[in-house]
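Worksheet: one structure, shown below.
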Amino acid sequence: MDVNTNSGCSARAERKQREKARIIQREKQRQTVKTTERTQEDRALLQEHQDTVQELSRRQSRRALLKRKQEEVFDDAENLKAKVRQMAEALQQAKHVVIYTGAGISTAASIPDYRGPNGVWTQLQKGRSVSASDLSRAEPTLTHMCIWMLHKVKMVQHVVSQNCDGLHLRSGLPRHALSELHGNMFIEVCDSCSPAREFIRLFDVTERTALHRHGTGRLCPLCKAELRDTIVHFGERGTLEQPLNWKGAAEAAEQADLILCLGSSLKVLKKYSCLWCMNRPANKRPKLYIVNLQWTPKDTLATLKIHGKCDAVMGLLMEELGLGTPVYNRSQDPIFSLAKPLSPQEQKSHTREEIAPPAALEHASPDTQAQGEATAVQGGWFGRGYAKARRKRKTV
C-alpha cells in the first residue's frame, strides 16, 4: 500500500514538474528583448529602482500567463478521437460515474458562458457590453441529451451542475440524479412551509430577484408566504435541499471512481472540497477526466484532458460506446408535466414568455415568433447580474 501511495504521489509530482517546466520554457520563448540603447542616466535610474523593475516584470509575466490560460486549445481530429476512445474505455470499466457540468455545455443553446473568449466576464473585463435575452428560449443541447442517455443506460449515476438554465431537468434527467448547485431558473419555493414546497413554472421566475433579494412576488397557496427563487448568486451560500441537492452531490462524489467534467472552468467547483475527495490519498481518489477548451486548475490532477467542444466530444463518445445519439423532443419535455399552473390572480405576475408545447407553437404566427426573438429581456438571474457588473465598472 505504501508503494502504491508513493508511486501515485511521485507520478503526480512529475506531471506537475513537467507542466511547470513547459510554462517556464514558453515564457522564455515569448519574452522579447528590447535592444534599444539606454543612456548612462537611464541605467543608473533603473539600477536605483530595482524593486520596482522586478515588480513590473512579475506583473507582466502574470498577465502573460493569465492570457495563455484564457486561450482556447483544440485537439486535432485524430488526437481527439484517440482521447475519446480512451475515455469511453474508462467509462465502461467504471462502477460509479459522476458528471460535473458548467456553462460550456449550454453554449450550443446560444447561452453564453462566463470565462470563454466571448464569455460574460471576459467581455465585461474588456469594457464591452453584453446583451440580455430570455434564456427560457433555449433547448437541451446534444450534450444534455447524451448525459441523459448515459444515465438511462446506467453508465452515469449522478450529475452535478453549476448551471441555472434548467436544461438538465428538461432533458429528462431524474431529479434524484441531479444536483443543481446554483439553482434553477424555472423553480420557486416556499421556505416557510416544512418541508419547503416547490413550484416548477414554465417561465423564468427570477424576473424581480437579485443578489440577497429572492422574493418573486407570488404567494404560497397554502401558507400565503412569499415565494422565492432558488438561485445562488456569487457571495451567497445555498441552503435549499432542492434543487441544490448538496446531499446527493456529496454522496455521489464519495462513491465515485470516475469524475467527468464537461464545459466547466472549475474555478468555482474547485472550492467545494467535498466534491473532490481531497481527504483521501492521491491514488485513492476518483479518476478525473476533463473536457474543456481552456486551462482549468485541476488539469495537473486529471487522468486525461480533452481539448474539444462538448457536443463534438459527446457525439464521438456515443459512437465509441455504440449508443445512438439522442435528440431533444419538445413534446416529451418533462417540464410540461412537472410545472404548476398559476392561479387566475397570478397570470399577470410576470412578463416572461412561457415555454410553449409543440401544439401551441404550430398555431403561433411567424410574425409573433420573430417579434419575441428580437425582444431583449432585462433583469433575471442572468441579465441582472451582468447589468450590475456593467454599472459597477462604469462607476470605477
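Heavy-atom basis, side chains included; hydrogens, waters and symmetry copies ignored. Nothing here was measured: the structure is a model prediction, and the numbers come from that model.
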How about [X] and [Y]: do any of their side-chain heavy atoms sit closer than 4.5 Å?
{"X": "R218", "Y": "E226", "value": "no"}
{"X": "I231", "Y": "T209", "value": "no"}
{"X": "R352", "Y": "E354", "value": "no"}
{"X": "R201", "Y": "I187", "value": "no"}
{"X": "E139", "Y": "L167", "value": "no"}
{"X": "L142", "Y": "T325", "value": "yes"}
{"X": "V84", "Y": "V291", "value": "no"}

Any donor-acceptor pair under 3.5 Å linking the side chain of [X] with the backbone of [Y]?
{"X": "Q332", "Y": "N329", "result": "no"}
{"X": "R330", "Y": "A356", "result": "yes"}
{"X": "D299", "Y": "T296", "result": "yes"}
{"X": "N292", "Y": "G263", "result": "no"}
{"X": "E207", "Y": "T351", "result": "yes"}
{"X": "E236", "Y": "H233", "result": "yes"}

Can you confirm whether the side chains of Q162 and S264 place a donor and an acceptor under 3.5 Å from each other? yes

T141 and H144: side chain donor to acceptor below 3.5 Å: yes

Identify whether the distance between the nearest side-chain nitrogen and carboxylate oxygen of [X] and [Y] falls below 4.0 Å.
{"X": "D333", "Y": "R170", "value": "yes"}
{"X": "R228", "Y": "E188", "value": "no"}
{"X": "E320", "Y": "R85", "value": "yes"}
{"X": "E198", "Y": "R175", "value": "yes"}
{"X": "K83", "Y": "D75", "value": "yes"}

Quick one: pull up [atom1] in [X] and [atom2] in [Y] and give me the separation to the nearest 0.5 Å.
{"X": "L202", "Y": "K340", "atom1": "CG", "atom2": "NZ", "result": "11.5 Å"}
{"X": "H168", "Y": "S161", "atom1": "NE2", "atom2": "OG", "result": "4.0 Å"}
{"X": "H307", "Y": "I290", "atom1": "NE2", "atom2": "CD1", "result": "9.0 Å"}

Linked hydrophobic residues, F203 as query - side chain contacts closer than 4.5 Å: V205, L342

To check you understand the geometry: which heavy-atom pair defines the closest contact between [X] and [Y], and what is its length?
{"X": "L266", "Y": "P297", "value": "O-CG, 3.8 Å"}
{"X": "N163", "Y": "S106", "value": "ND2-OG, 3.8 Å"}
{"X": "A138", "Y": "A109", "value": "CB-O, 3.7 Å"}
{"X": "A108", "Y": "D311", "value": "CB-OD2, 3.3 Å"}
{"X": "V160", "Y": "A249", "value": "CG2-CB, 3.8 Å"}
{"X": "P286", "Y": "L258", "value": "CB-N, 3.9 Å"}

Quick one: do V268 and V98 end up in the same hydrophobic cluster if we chain Ile, Leu, Val, Met, Phe, Trp and Tyr together by side-chain heavy atoms under 4.5 Å apart? yes

Would a single hydrophobic cluster contain both M314 and I105, if residues Ile, Leu, Val, Met, Phe, Trp and Tyr are joined by side-chain heavy-atom contacts under 4.5 Å? yes

Check the surroundings of atom NZ in K298: do more than 12 heavy atoms from other residues, nucleotides or ligands lie under 6.0 Å from it? yes

Atom CD of residue position E78 - does it have more than 12 heavy atoms of other residues, nucleotides or ligands inside 6.0 Å? no

What donor-acceptor contacts under 3.5 angstrom involve side-chain atoms of residues 147-158, with partners at least two apart or in another chain?
| from | atom 1 | to | atom 2 | distance (Å) |
| --- | --- | --- | --- | --- |
| Q157 | OE1 | V97 | N | 2.7 |
| Q157 | NE2 | K154 | O | 3.1 |
| H158 | NE2 | S179 | OG | 2.8 |

Do any pairs count as a ring-ring contact (aromatic ring centres under 6.0 Å, His included) and have a residue in residues 271-293, sequence neighbours left out, and if so which ones? Y100-W276, W246-Y272

The side-chain contact (heavy atoms from CB on, under 4.5 Å) partner of M87 among L317, T303, L316 is L317

Consider side chain to side chain donor-acceptor pair (under 3.5 Å). Of T230, T206, D229, D191, which one does H214 pass it with? D229

